[in-house]
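Encoded as structure tokens, the structure appears first; notes follow it.
Every chain is numbered from 1, with letters handed out A, B, ... down the list of sequences.
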Number of protein chains: 2
Amino acid sequence: MRNIVITFGIICLCSLVLFQMAKVAIIKDTLPVEVLVGVFSLLFLVIGILYSRRQHVIVQHVPSDHENTTLLAPPSVVIETKPADKTLIEQMGISKREHDVLCEAALGLSNAEIAQKLFISESTVKTHISNLLVKLNARRRTEAVKIAKELNII
Amino acid sequence: MRNIVITFGIICLCSLVLFQMAKVAIIKDTLPVEVLVGVFSLLFLVIGILYSRRQHVIVQHVPSDHENTTLLAPPSVVIETKPADKTLIEQMGISKREHDVLCEAALGLSNAEIAQKLFISESTVKTHISNLLVKLNARRRTEAVKIAKELNII
DNA sequence: TTTTTGTTCATACTAAAGTATGAATTTACT
DNA sequence: AGTAAATTCATACTTTAGTATGAACAAAAA
């Protein structure tokens with residue numbers, strides 16, 4: 001929670017600085033208002049996306065009712081949830097994040113690619129994979145994927 | 001993919017309208033530039049968060065797209081997709097031995113294990129795998145297996 | 001007969017994958 | 001407030017995987 005406050009504080013500070021710089025530019029008539037607004041809109045769009053991705057884990061735990069309220073999110077897509085055997089996943093002691101990594105690995109992605117996609121470091125992916133191999137009693141990711149598909153958990 | 005485009009289109013449209021409204025307000029000196037930028041920044045911050053949230057939902061569910069349909073339509077679907085498409089294998093330029101290696105790799109075996117099983121050296125297995133990656137347009141054996149299964153050649 | 005193709009193998013290399021360990025932070029739960 | 005589980009990350013290390021290259025050999029095709 002503190003981190004979020006700190007992050008926002010930094011963002012606000014940076015924005016203020018940028019804003020003052022931009023204002024000077026406007027006075028000099030070298031920068032139209034449209035460009036200024038556009039730049040800031042884009043900036044905050046990116047900030048919003050990045051921020052949301054961090055919060056992603058929390059969002060995930062909230063069921064379908066939350067997703068329906070999101071902007072332009074068609075309910076039909078959301079309703080089609082994973083058919084994976086969640087009971088079995090729990091029994092195997094596979095955590096949510098590990099399962100995420102497993103799904104991506106099943107798509108044939110490398111650790112680096114999975115890391116980029118899930119916004120975590122490659123070493124974290126390695127940790128997850130390593131744990132998955134133990135839990136699925138596999139020795140390679142290919143075997144892990146095969147077993148996971150046989151168990152219908154992906 | 002269409003949804004994303006549509007969403008962005010709508011967002012851009014709304015932004016344009018809002019922007020024109022805001023511009024009028026500026027001319028009338030009823031709205032300072034600071035407020036304008038602030039409003040837009042906030043607006044896009046929210047848009048970014050919502051957009052990102054929705055993206056995650058979609059991304060999360062896409063991987064299990066195939067299993068989705070196979071589950072809803074009982075096991076019979078899975079059973080009938082057994083025989084490998086030999087015509088396609090030929091078309092892809094995949095030789096018999098390469099196919100053998102591919103099948104073993106799909107079982108999650110290592111190169112050394114495949115070599116032992118097929119009574120060839122590990123370097124031969126590597127050669128076959130390397131050729132397979134080119135022919136299947138894959139970058140890893142995991143991806144090769146995934147593609148091969150999608151093409152129904154294993 | 002020459003050429004092509006498939007199969008085999010080796011060597012040397014680079015790039016990933018996976019292991020082991022320790023640690024900071026978060027989240028959920030008591 | 002404290003604790004256990006989960007998530008994240010790093011570093012150092014070992015093991016596989018994959019690439020590039022060259023080559024030998026047999027069988028089919030030209």
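- Evaluation of the side chain to side chain donor-acceptor pair (under 3.5 Å) rule for S121(B) yields S123(B), T124(B) as partners, not counting sequence neighbours.
- Computed from coordinates, the E143(B) CD to dA17(C) C1' distance equals 16 Å when rounded to whole Å.
- Between the axis at the start and the axis at the end of the helix from dT1(C)-dA30(D) to dT30(C)-dA1(D) there is an angle of 50°, using five pairs per end and rounding to 10 degrees.
- A straight line from CG of L118(B) to P of dG6(C) spans 18 Å, rounded to a whole angstrom.
- OP1 or OP2 of dT8(D) sits under 4.0 Å from a side-chain N or O of H128(A).
- Put simply, the side chain of E143(A) does not reach to within 4.5 Å of the side chain of L109(B), judged on heavy atoms.
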*Where along nucleotides 10-29 of chain D does protein come under 4.0 Å, by heavy atom, of base (B) or sugar-phosphate alone (S), with - for untouched nucleotides?*
B------BBB----------
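- A pairwise comparison of heavy atoms in R141(B) and A105(B) identifies NH1-CB, 4.1 Å as the closest pair.
- Side chains of H128(B) and L102(B) form no contact here, defined as non-hydrogen atoms less than 4.5 Å apart.
- The NZ-P distance, from K135(A) to dA6(D), rounds to 6 Å in whole Å.
- For the pair L136(B) and L151(B), the minimum side-chain heavy-atom distance is below 4.5 Å.
- Between E113(B) and R140(A) there is a salt bridge, with a side-chain nitrogen of the basic residue lying less than 4.0 Å from a carboxylate oxygen of the acidic one.
- Rounded to an integer number of Å, the gap from CZ of F119(B) to C1' of dT7(C) is 17 Å.
- Q116(A) places its CD atom 18 Å from the C1' atom of dT8(D), with the value rounded to the nearest Å.
- Heavy-atom contacts from other residues, nucleotides or ligands closer than 6.0 Å to CD of E90(A) number 12 or fewer.
- When rounded to the nearest whole Å, the span between NZ of K96(A) and P of dT26(C) equals 18 Å.
- Here the C1' atom of nucleotide dG6(C) and the CD atom of E90(B) are 14 Å apart, to the nearest Å.
- Closest of all the heavy-atom pairs between C103(B) and I154(B) is SG-CG2, 3.9 Å.
- A side chain to side chain contact (heavy atoms under 4.5 Å, CB included) with K126(A) is found for exactly one of N131(A), I114(A), N111(A), namely N111(A).
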